[in-house]
Amino acid sequence: MTRPSPPETIGELQLRQDQKTGEGVFKCPEDQLPLDYAKIYPDPELEQQILALPIRCIHSEEGCRWTGQMMQLQGHFSTCAFNVIPCPNRCSIKLTRRDLPDHLQHDCPKRKVKCEFCGSEFTGEAYENHQGICPQESVYCENKCGARMMRRLLSQHSLAECPKRTQPCKYCGKEFVFDTIQNHQYHCPRFPVACPNQCGTPNIAREDLANHVKENCGSALILCPFKDAGCKHRCPKLAIGRHLEDTTKSHLTMMCSLVGRQRQEILELRREMEELSVSNDGVLIWKLSDYSRKLQEAKLRNNHEFFSPPFYTHRYGYKLQVSAFLNGNGSGEGSHLSIYIRVLPGEYDNLLEWPFSYKVTFSIMDQSDPSLSKPQHITETFNPDPNWKNFQKPCSTRNSLDESTLGFGYPKFISHEEIKKRNYVRDNSIFLKASIEIPQKIMA
Ligand SMILES: [Zn+2]
Ligand SMILES: [Zn+2]
Ligand SMILES: [Zn+2]
Ligand SMILES: [Zn+2]
Ligand SMILES: [Zn+2]
Ligand SMILES: [Zn+2]
Ligand SMILES: [Zn+2]
């Protein structure tokens with residue numbers, strides 16, 4: 001026992017006790033021989049010497065710098081910063097004396113804390129729950145409107161006062177930040193607006209206004225339905241019936257002149273269309289269908305003349321027309337088919353040479369099947385005499401039925417007997433053909 005430091009001393013003593021034999025006999029730690037109890041006795045003098053030995057604190061390795069006599073160790077423990085003690089608040093935590101102030105101040109669940117905002121006293125545990133909900137704490141509005149207030153006022157603020165709170169538009173139901181809602185309502189499609197015609201219809205949503213004015217508004221001005229005929233009257237929808245009743249006569253007059261103008265237009269269009277559909281290769285093949293009925297008609301009405309569509313001798317050439325008397329004309333009346341050709345006023349007359357002097361050929365076509373027998377068309381040809389009036393330049397104002405425009409042709413072109421032969425009439429139709437021989441150089 002030369003240099004015992006207290007922990008070793010205590011450790012060795014415990015070891016000895018463990019070495020106690022089964023019979024309760026202690027052995028000497030030096031030589032392992034059983035101790036003779038008769039030779040063991042207290043030695044107060046030695047004890048005093050041991051207790052006066054200088055030692056270090058058992059917490060020296062953790063950092064305690066205390067040294068002193070062994071007998072002072074217990075006393076030192078009551079102030080040693082490294083000694084482990086239970087929390088005086090009985091929170092069940094043990095810690096070094098050094099860590100205690102921090103624990104008592106910040107961590108101890110049983111510590112006493114006073115809320116800086118409401119002044120209430122809490123244990124540490126309860127304070128942690130209180131933090132963040134103290135009604136007296138001053139906080140910023142969560143909507144970032146910049147307002148700061150005690151937490152207990154916040155819900156009222158967010159609900160009714162905050163300029164950044166969201167709120168549904170009471171017309172369209174969409175959500176808006178409160179301070180933009182007024183601006184929205186200048187555009188809100190469901191915002192109620194007044195009818196510009198002051199018809200008194202309440203609550204017309206902005207998006208329905210155009211339709212209202214167009215379809216439903218009794219005060220909207222509308223145009224008279226006779227506007228296309230020229231009536232300029234304009235009045236509220238409700239009054240239009242009255243206008244129609246009061247102005248029947250003038251509306252009819254307007255309609256009359258409109259119809260006149262349109263008839264004129266139609267005639268013009270028809271003329272243009274005919275002009276466009278006129279053939280211009282100097283050949284006319286004219287089908288007269290329904291022959292027997294037409295012959296009958298010609299017999300009943302003296303000198304009834306059928307007219308072919310007009311045709312041009314060539315592009316930009318003379319405009320001609322063929323006519324036929326199915327029951328004959330002049331010397332052929334009652335016995336023959338007569339055929340004539342006449343010059344009509346044409347678009348290019350001023351560019352042409354007059355009188356018309358080209359060779360004309362008339363045919364009635366034999367419609368026999370060429371594979372069975374050679375068709376035998378009946379043909380007549382003539383060269384206009386420059387002295388004949390018929391082929392002078394026509395006056396454009398002349399009516400085509402005028403006597404002076406009578407064509408030139410053959411009163412006895414084919415007799416009624418002859419026409420029944422072969423296939424001149426087939427399927428109750430005849431084909432008359434006129435062709436004009438124009439020299440190539442003129443067509444160019
Ligand atoms: Zn210590
Ligand atoms: Zn504690
Ligand atoms: Zn509080
Ligand atoms: Zn706010
Ligand atoms: Zn809205
Ligand atoms: Zn209205
Ligand atoms: Zn009118």
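We count ligands from 1, going down the list as the structure has it; atoms in each ligand are counted the same way.
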A.B. asks: Compute the angle centred on the Zn ion (ligand 7) spanning NE2 of H243 and SG of C224, and express it rounded to 10 degrees.
C.D. replies: 110°
A.B. asks: Within rounding of 10°, what is the angle whose vertex is the Zn ion (ligand 4) and whose arms end at SG of C141 and NE2 of H157?
C.D. replies: 110°
A.B. asks: Are any non-hydrogen side-chain atoms of R165 and S158 less than 4.5 angstrom apart?
C.D. replies: no
A.B. asks: Report the angle formed at the Zn ion (ligand 4) by atom SG of C162 and atom SG of C145, rounding to the nearest 10°.
C.D. replies: 110°
A.B. asks: Assign the ring pair F191 / Y171 to parallel, tilted or perpendicular, where the plane angle (0 to 90°) is split at 30° and 60°.
C.D. replies: perpendicular
A.B. asks: Over 60° means perpendicular and under 30° means parallel, so tell me whether Y348 and Y312 are parallel, tilted or perpendicular.
C.D. replies: tilted
A.B. asks: Which single N/O/S atom of H251 lies at minimum distance from the Zn ion (ligand 7)?
C.D. replies: NE2
A.B. asks: Quick check on K237: does its NZ atom have over 12 non-hydrogen neighbours (other residues, nucleotides or ligands) under 6.0 Å away?
C.D. replies: yes
